[in-house]
Amino acid sequence: MPDHASSSLAPVGLSPALSRMMPAFTPGTVWLAGAGPGDLGLLTLQTVWGLAQADVVFYDALVNEDVLDLARPEAERAFVGKRAGCPSPKQSEITARLIAAARAGKRVLRLKGGDPYVFGRGAEEAQGLAAAGVPFRVAPGITAGIGGLAAAGIPVTHRDVNQSVTFLTAHDASGALSARLDWAALSAASPVLVIYMGFRLMEVIAAKLMAAGRPADEPAAIVSQATTPRQRVVRTTLGRLALRADVEALEPPVLIVVGGVVALAPVLEAAGFSGAASA
């Protein structure tokens with residue numbers, strides 16, 4: 001069992017009883033925490049607690065900046081986000097900054113959109129911290145491929161539709177389409193595909209899936225800015241994805257989902273999330 005914090009500090013929304021149950025955030029340690037897909041209500045208690053304790057918060061481009069308002073007023077906020085086509089810090093530089101801050105005796109919160117270990121490079125940072133002998137904790141978050149699709153009325157599984165789902169990222173570390181992806185195997189084995197960071201490469205992805213045997217009329221959806229007030233959902237088909245149709249109003253971050261579960265969206269579309277559109 002982990003040690004629990006003895007501090008009387010209680011962040012907004014956590015009762016003293018819950019605060020006593022939270023793990024201790026000791027100086028000289030790093031928390032790799034998930035900020036969820038965007039909606040503040042989808043933060044975990046552990047991440048909220050970490051924000052209220054941290055001395056410095058290193059945060060990504062996909063983190064809803066309203067989340068930072070939950071940090072201590074005295075906490076340093078350091079933006080270390082990456083955006084395609086924009087100057088951004090190297091991963092090695094970010095990891096070095098985490099290590100330096102921890103060695104300076106600070107409580108360091110590394111805040112990532114979604115979940116740190118789901119296409120978030122959290123594992124790379126954890127490896128660097130472990131190699132440097134810096135203690136760390138992972139505070140998992142709700143990944144956009146689950147929470148974001150739920151907000152769009154799309155369940156990732158339904159027993160009448162699929163018994164498996166595959167999450168994949170569209171590109172490798174260079175930003176190109178990953179050569180490691182076996183499109184024929186993915187097409188044949190997974191009835192539902194959830195594709196992160198695929199907006200720029202959607203035509204190529206759709207073409208590869210159709211070449212591997214997926215039908216052009218298979219249901220597909222694009223979810224932009226999931227769980228936020230700017231959320232937009234386009235329900236379409238794999239064939240129209242290959243034409244990059246119906247996407248003029250969409251902005252990253254974007255999720256793409258391909259499979260029969262998309263057809264459930266007209267019934268299950270989550271109340272309270274606006275901007276849905278179908279093609």
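Nothing fancy with the numbering, it's 1 onward along the sequence. Every value quoted in this text rests on a predicted model; they were computed, and no experiment measured them.
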task: Would you please name every residue forming a side chain to side chain donor-acceptor pair (under 3.5 Å) with Arg103, sequence neighbours left out?
output: none

message: Using 0.5 Å steps for rounding, measure from the OG atom of Ser92 to the CD atom of Glu124.
response: 10.5 Å

query: Could you state the interatomic distance from OG1 (Thr143) to CG (Leu255), rounded to the nearest 0.5 Å?
result: 7.5 Å

statement: Looking only at heavy atoms, the pair that brings Leu43 and Ala35 closest together is CD2-O, 3.4 Å

query: When clusters are formed by joining ILVMFWY residues with side-chain heavy atoms under 4.5 Å apart, either directly or through shared neighbours, do Leu201 and Leu243 land in the same one?
result: no

NZ/NE/NH1/NH2 to OD/OE distance under 4.0 Å, Glu251 and Arg230: no

task: Scan residues 232-264 for pairs that pass ring-ring contact (aromatic ring centres under 6.0 Å, His included), counting only residues two or more places apart or in two chains.
output: none

Sub-4.5 Å side-chain heavy-atom contact between Pro37 and Ile142: yes

message: Connecting only ILVMFWY residues whose side-chain heavy atoms lie within less than 4.5 Å of each other, what is the rest of Phe136's hydrophobic cluster?
response: Val30, Leu32, Val56, Phe58, Val80, Ile94, Leu98, Ile99, Val108, Tyr117, Leu129, Val134, Val138

- line: Here the gap from Thr47 atom OG1 to Leu42 atom CG, rounded to the nearest 0.5 Å, amounts to 11.5 Å

task: Identify the two heavy atoms, one from Gly50 and one from Trp31, that lie closest to each other, and give their separation to 0.1 Å.
output: CA-CZ3, 3.6 Å

- request: Give the minimum heavy-atom separation between Arg235 and Val262, together with the two atoms involved.
  value: CD-O, 4.2 Å

Spatial distance of atom CG (Leu109) from atom CZ (Arg72) [nearest 0.5 Å]: 11.5 Å

task: Identify the two heavy atoms, one from Pro89 and one from Gly81, that lie closest to each other, and give their separation to 0.1 Å.
output: CD-O, 3.6 Å

query: So, for Tyr59 and Arg110, which heavy atoms are closest and what is the spacing to 0.1 Å?
result: C-NH1, 4.0 Å

field: Rounded distance [0.5 Å steps], CD1 in Ile256 versus CG in Leu149
entry: 11.0 Å

task: Check whether any side-chain heavy atom of Phe167 sits under 4.5 Å from a side-chain heavy atom of Val118, and report yes or no.
output: no

